[in-house]
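Have a look at the structure below, then the notes.
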Amino acid sequence: MAKFPNITMTSAGLEMLARAASGQTADRFIVTKVKLGDGVSEGNIRDYTDIISSKKEVTLASFEDKGNGTFRYTFTYNNEGVKVGFYHREIGLFAKNGDSGTEKLVGYTNAGNYPGWIDDETRIQPYTRLMINVGIGDTDNASGLVDVSNAVTIEMLDEHNNNENAHTNLIKRLFGSATATMESVKNSVQGWCKESIASIFGIDSATQTNVKNKMLEYAQEQIESWLETLGIRYNIAQNGYICLGKLFGDATIQWGVEHDADNNKKRLFPTQFKTLGGIGISSFNGYDGTFKYIQTDGFIYDVSNTVNFVDLYYIAIGK
């Protein structure tokens with residue numbers, strides 16, 4: 001939070017206070033607004049007619065007669081309307097003499113190397129209460145006490161909540177919509193959800209097809225990871241195998257089909273066994289034969305009393 005020294009009254013401000021001290025109704029001291037800025041002060045503040053770098057204007061919220069010619073002026077503001085965030089160094093107090101008077105800079109203070117920060121309006125920032133005490137009496141050494149606080153009173157909160165445009169504007173800012181209708185908010189939420197889903201799943205857009213395909217892909221990856229952990233392997237093909245994994249002692253079943261097989265030809269298993277437990281074979285042609293060779297990598301089956309070519313079907317078990 002910025003640390004502001006007491007407000008220094010400008011020459012125009014001292015003149016207006018002097019007129020107000022005369023007691024004439026037409027010359028009463030009427031505070032109108034403050035300007036907030038980020039300029040670095042130079043020169044004689046008494047000669048200032050405006051703040052150096054204005055970033056936001058705030059109209060008077062309320063004032064209180066503290067007695068003995070002292071008045072407390074209260075301003076409340078947040079970052080609404082601030083397009084670019086800025087360091088809050090300057091406070092300029094503006095007033096006029098009477099309703100028809102000309103508004104002028106009457107007081108100024110600068111936080112120097114101890115500024116505050118006001119975010120741009122895309123970020124939510126709490127209300128700040130700015131109170132300035134000004135004494136209308138001895139104008140020779142007149143100054144104003146400034147108190148800046150982030151506290152939000154019940155009255156301020158009630159006033160904010162009773163403002164029909166306050167929360168609508170907040171919704172517009174939150175949802176990036178020109179209007180705050182139920183339909184526009186729903187569309188914004190749906191858009192955010194789709195963007196989030198697309199980001200989580202790593203897909204271009206969160207269409208039903210894309211999400212379904214990604215979930216199927218993920219499920220398949222998880223199943224394959226689970227099967228790999230258990231040592232289950234398989235190749236479901238005409239000549240294939242399945243290893244049942246750790247739960248079944250790494251038992252492996254292999255099978256194959258060979259049409260018009262050349263007699264006495266060595267046939268390789270789809271994957272080599274460590275230990276072959278047994279093999280069963282048949283010939284579609286109905287001819288019996290004998291094994292000439294059977295090992296962990298394959299076998300030779302000799303069919304007698306037939307032509308050179310047969311259809312063979314086999315199944316082997318091992319691990």
Side-chain angles (χ1 to χ4, degrees), residues 1 36 38 55-58 76-88 115-129 150-152 154 156-248 250-255 270-271:
M1 184 182 298
L36 314 179
D38 63 357
K55 299 297 182 182
K56 182 176 177 66
E57 294 188 10
V58 185
T76 58
Y77 60 91
N78 62 3
N79 58 340
E80 184 176 351
V82 177
K83 303 304 180 184
V84 179
F86 65 94
Y87 285 103
H88 179 204
W117 174 259
I118 297 181
D119 270 317
D120 66 83
E121 64 179 355
T122 61
R123 300 176 181 270
I124 298 176
Q125 185 165 317
Y127 274 84
T128 295
R129 179 178 56 187
N150 279 329
V152 179
I154 296 297
M156 292 165 60
L157 188 60
D158 287 341
E159 180 181 357
H160 171 71
N161 288 335
N162 290 332
N163 185 340
E164 63 181 11
N165 295 318
H167 298 289
T168 299
N169 184 62
L170 178 60
I171 292 173
K172 292 177 183 177
R173 290 161 58 191
L174 286 175
F175 291 95
S177 173
T179 59
T181 65
M182 183 179 296
E183 188 67 21
S184 67
V185 171
K186 182 181 73 173
N187 290 338
S188 294
V189 172
Q190 288 177 343
W192 284 357
C193 290
K194 287 182 179 180
E195 289 177 6
S196 298
I197 292 172
S199 176
I200 291 171
F201 283 91
I203 53 182
D204 293 333
S205 59
T207 64
Q208 185 175 2
T209 300
N210 286 349
V211 172
K212 181 178 70 174
N213 291 340
K214 195 65 178 182
M215 292 181 68
L216 289 174
E217 179 184 332
Y218 174 77
Q220 185 175 355
E221 289 176 356
Q222 295 306 306
I223 291 172
E224 290 178 353
S225 176
W226 176 71
L227 293 177
E228 183 179 354
T229 300
L230 293 177
I232 298 174
R233 306 182 308 279
Y234 58 89
N235 179 18
I236 308 301
Q238 178 174 282
N239 298 298
Y241 69 93
I242 180 170
C243 176
L244 300 178
K246 301 175 183 178
L247 298 179
F248 296 91
D250 289 328
T252 301
I253 302 172
Q254 301 196 61
W255 60 88
T271 184

Fill in: Side-chain heavy atoms of Phe86 within contact of Asn79, under 4.5 Å
no
Item to complete: First locate atom CD of Glu224, then atom OG1 of Thr229, and finally report the distance between them rounded to the nearest 0.5 Å.
Response: 11.5 Å
Worksheet item: Can you name the nearest heavy-atom pair linking Cys243 to Gly231, along with the distance?
Response: SG-O, 3.7 Å
Fill in: Heavy-atom neighbours of Glu217 CD exceed 12 at 6.0 Å
yes
Worksheet item: OH/Tyr127 to OH/Tyr77 distance, rounded to the nearest 0.5 angstrom?
Response: 12.5 Å
Practice prompt. Indicate the atoms forming the closest heavy-atom contact of Glu80 with Glu121, along with that distance.
Written response: C-OE1, 4.0 Å
Worksheet item: When rounded to the nearest 0.5 angstrom, what distance separates CG in Asn235 from CD in Gln238?
Response: 11.5 Å
Item to complete: Please indicate whether Tyr87 has more than 12 foreign heavy atoms, meaning atoms of other residues, nucleotides or ligands, lying under 6.0 Å from its OH.
Response: no
Item to complete: Please examine the side chains of Asp119 and Val82, heavy atoms only from C-beta on, and report whether any two atoms are closer than 4.5 Å.
Response: no
Discussion item. If you define the side chain from C-beta out and look only at heavy atoms, does anything of Ser205 sit under 4.5 Å from Asn210?
Written reply: yes
Fill in: Interatomic distance, Lys55 atom NZ to Asp38 atom CG [nearest 0.5 angstrom]
4.5 Å
Fill in: Heavy atoms of other groups near Glu221 CD, more than 12 under 6.0 Å
yes
Response to the item:
Tightest non-hydrogen contact, residues Asn78 and Lys56, listed as O-CE, 3.0 Å
Item to complete: Measure across Thr76 and Val58 and return the closest heavy-atom pair with its distance rounded to 0.1 Å.
Response: O-CG1, 3.5 Å
Response to the item:
Distance col, row Asp250:CG vs Ile232:CD1, nearest 0.5 angstrom, shows 10.0 Å
Practice prompt. Check Pro270 against Tyr241 and note the closest heavy-atom contact, atom names and distance.
Written response: CB-CD2, 4.0 Å
Fill in: CD (Gln220) with more than 12 external heavy atoms under 6.0 Å
no
Practice prompt. First locate atom CD of Gln254, then atom CG of Asn239, and finally report the distance between them rounded to the nearest 0.5 Å.
Written response: 10.0 Å
